[in-house]
Enquirer: 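I'd like to ask you about the structure that follows.
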Amino acid sequence: MKSKVLGEIALRLALEEISFRANSLFKPQGKVDSLKDEKNAKAGEILLNGLSQLRGSGLKILQNLALEEGLLPEPTLRKIESAFDQIEPLSGMVVRKILKIELGRPIEEVFSDFNDQAIAAASLGQVHEARMKSGEDVVLKVQYPHIARDIHQEIRLLKSVASQLSNDLIRRTIHEISDHILWEVDYLREAENLETFRKFWTAKGVLIPEVIRSASTERVLTQKRVRGHTLMELERRGKPISSSIFRATFDFFYTSLFDLKAVHFDPHPGNFMVTSEGGLAVVDFGAVKVGLPEPEVFLMKALVEPTLDQALVIEGYRALGAQIEAGGEAQFFQSVVIPYHENLMQIVQNPDCHFRQKRELIENLRKTILQQSSNPSLAQLSPELSTVHKANFSLFQMLARFGAQISTQL
Amino acid sequence: MKISKDQKKKNFALLLKAAARLSQKKDFAELTMRAIASEAKMSEAAIYNYFPTKESLLTGYLHWSISEALEKVKSHPSFLGMNFSERLHLVIESHLELIEVDRDFVKQVYGHLFVQSIPFAQSSLKETRKLYMDFVDREMEEAVGRNEMTEPPFRGLLCELFWDFHVGVIYYWLKDESRGSINTTQVIDLSLNIFNELMRGGLMNKVYQLGHFLLKEHVLNKLFTLGKTE
Ligand SMILES: Nc1ncnc2c1ncn2[C@@H]1O[C@H](COP(=O)(O)OP(=O)(O)OP(=O)(O)O)[C@@H](O)[C@H]1O
């Protein structure tokens with residue numbers, strides 16, 4: 001079924017492309033541009049219609065595409081949101097059966113209490129509350145059936161669909177997202193990430209939930225329940241959030257990056273919580289990479305220094321695949337690095353940063369990074385670096401959305 | 001020698017399990033009563049006290065496993081907190097759990113009883129059917145008492161429908177190769193949802209979902225594999 005849907009998407013996209021080419025053959029340039037917009041909007045529609053028929057990974061991909069601001073037209077975004085509302089949660093009996101298959105024993109033997117009603121529907125699974133026999137309150141993420149079985153084939157097909165798109169941005173995004181989804185589907189990998197972050201952050205005052213290994217598998221993740229509310233919930237209820245929390249999310253991102261050499265690709269308000277003690281907790285470690293290559297961390301670090309060291313920065317870029325000709329260093333530094341850094345410094349290392357006022361700037365930074373590949377000397381730059389940058393900008397965007405006003409000195 | 005009722009029940013089950021075990025290696029049609037008795041460590045004469053014919057082992061197996069399942073659910077820790085359709089779901093799951101080890105035998109039971117449709121099977125399953133329908137009827141009455149549903153129209157017919165459904169689900173399960181038979185669980189779930197919606201009057205949505213699921217998991221997958229060169 002899924003492969004059929006994807007095949008259909010590919011076919012329709014290809015047809016769209018052909019009709020675009022035929023139509024634009026004899027048209028003046030201005031007309032071609034508007035046709036192009038029309039075509040991309042249509043491609044978005046086709047993708048949307050197709051992908052929303054796929055419950056698991058298709059929706060996950062859509063969700064991620066939706067997060068890429070400016071990629072999909074507004075009406076398409078709204079449709080994606082409503083696609084999420086339409087997901088029917090798995091019923092209690094099905095969830096219980098999945099748990100039994102996964103944990104290898106009836107759930108009554110593991111939990112003294114299990115709430116059939118899901119508290120959150122995620123894209124690859126749903127979240128339930130329960131109490132362990134030993135008395136701990138936990139939340140379980142239960143993966144929808146067949147996701148793991150189908151995902152590889154789906155992603156392969158999706159990538160082949162993507163490679164037919166003329167929109168370079170959508171194409172690259174799909175490739176990138178596909179890789180992340182493959183990580184996210186293995187909950188044991190997420191458990192490992194949680195433990196790594198927990199070990200590092202516990203002494204530093206950020207709460208990362210403890211994994212209950214005895215009730216976790218590739219498809220079920222059980223962790224201690226964090227008492228508190230996500231930033232999303234607080235926002236919805238119009239509750240104030242203290243700036244120390246915002247500062248903590250900022251530190252969480254950069255300290256994880258620089259000291260743990262790890263990046264949380266999805267810093268959004270559903271993944272940060274304010275605990276009942278008023279501290280920061282972080283959940284959802286699916287889209288996380290631990291053990292970033294040294295040069296990436298090195299360059300990210302060099303770029304947030306208040307004063308740039310040309311030699312170090314150039315060395316950093318070269319280590320990541322940038323092609324900077326000998327003798328062209330100063331030129332590269334002046335035209336590429338300095339303008340970027342000047343913009344960045346209005347946000348990072350600012351003793352009083354009003355994030356809401358930086359919206360346009362954040363958007364410009366994001367565009368600069370996205371358009372890097374059109375610069376010949378940066379064409380070979382490690383694509384992972386731009387993903388790290390994008391995670392960074394997601395954090396900024398989140399802080400702007402909440403109107404955070406904090407010192408961003410590192 | 002006089003034997004107690006309990007012992008009788010035990011022997012009955014022992015013989016059934018023996019038949020089931022042997023059918024894993026050999027076709028049921030080729031088994032002799034003597035072999036089954038000896039597998040159960042009983043004499044050939046004794047087996048006829050329980051099963052007058054070889055065929056009665058087949059119906060006996062269904063009767064035994066269904067009554068066990070009906071018994072078992074009542075002591076399930078979550079049973080009392082469940083609504084009508086969850087209880088029925090639990091009955092089917094418990095039954096499947098019980099017969100899981102004898103899957104090969106159940107296949108043969110089904111082959112003999114339903115596919116070849118031995119006329120006598122219909123009449124000798126009457127008792128099992130009644131046992132099952134009585135259970136459903138009682139549960140439905142209780143659900144009405146709990147204000148979970150209004151008195152359903154054609155109650156007797158509904159009970160019959162649930163029996164057919166149960167039998168049908170087992171047939172589906174025999175062919176279900178999904179991990180942990182999770183597809184069967186989803187079929188039960190979606191079907192019982194249809195019943196619930198039907199009771200509430202909003203039918204279309206679920207029928208669509210079930211159709212969609214069946215189409216996706218079965219028809220299309222089959223077509224897909226057929227298209228592939230093996
Ligand atoms: N340890 C926890 N304690 C309390 N609530 C939690 C915990 N873990 C997750 N949640 C709740 O469940 C929601 C979804 O969890 P999570 O983000 O891990 O799922 P996900 O599948 O990765 O979701 P998505 O892919 O949509 O981001 C969170 O927004 C949060 O409200």
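Keep in mind that this is a model prediction, so the values were computed, not measured.
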Enquirer: If you count heavy atoms of other groups shown closer than 6.0 angstrom to CD of A:E233, is the number above 12?
Expert: yes
Enquirer: Output the distance between atom CZ (B:R179) and atom CZ (A:R219), rounded to the nearest 0.5 Å.
Expert: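 The distance works out to 4.0 Å.
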Enquirer: Do B:M82 and A:M93 have side chains that approach each other closer than 4.5 Å (heavy atoms only, starting at C-beta)?
Expert: yes
Enquirer: Near A:Q117 CD, under 6.0 Å, is it more than 12 heavy atoms from other residues, nucleotides or ligands?
Expert: no
Enquirer: Could you tell me the separation between the CD atom of B:Q186 and the CD1 atom of A:I98, rounded to the nearest 0.5 Å?
Expert: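 It is 6.5 Å, given to the nearest 0.5 Å.
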Enquirer: So how far is it from A:I101 CD1 to B:S178 OG, rounded to the nearest 0.5 Å?
Expert: 7.0 Å
Enquirer: Name the region of B:L192, side chain, backbone, both or neither, that has any atom closer than 4.5 Å to a heavy atom of chain A.
Expert: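 Neither part.
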Enquirer: So with a 6.0 Å cut-off around NZ of B:K130, is the heavy-atom count from everything else above 12?
Expert: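 Not more than 12 within 6.0 Å, no.
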Enquirer: Can you spot which of B:T185, B:I188, B:D189 makes a side-chain contact (heavy atoms from CB on, under 4.5 Å) with A:K97?
Expert: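 Among B:T185, B:I188, B:D189, the one meeting side-chain contact (heavy atoms from CB on, under 4.5 Å) with A:K97 is B:T185.
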Enquirer: Do B:H76 and A:E108 make a side-chain contact, defined as non-hydrogen atoms from C-beta onward lying under 4.5 Å apart?
Expert: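 Of all side-chain heavy-atom pairs linking A:E108 with B:H76, at least one is under 4.5 Å.
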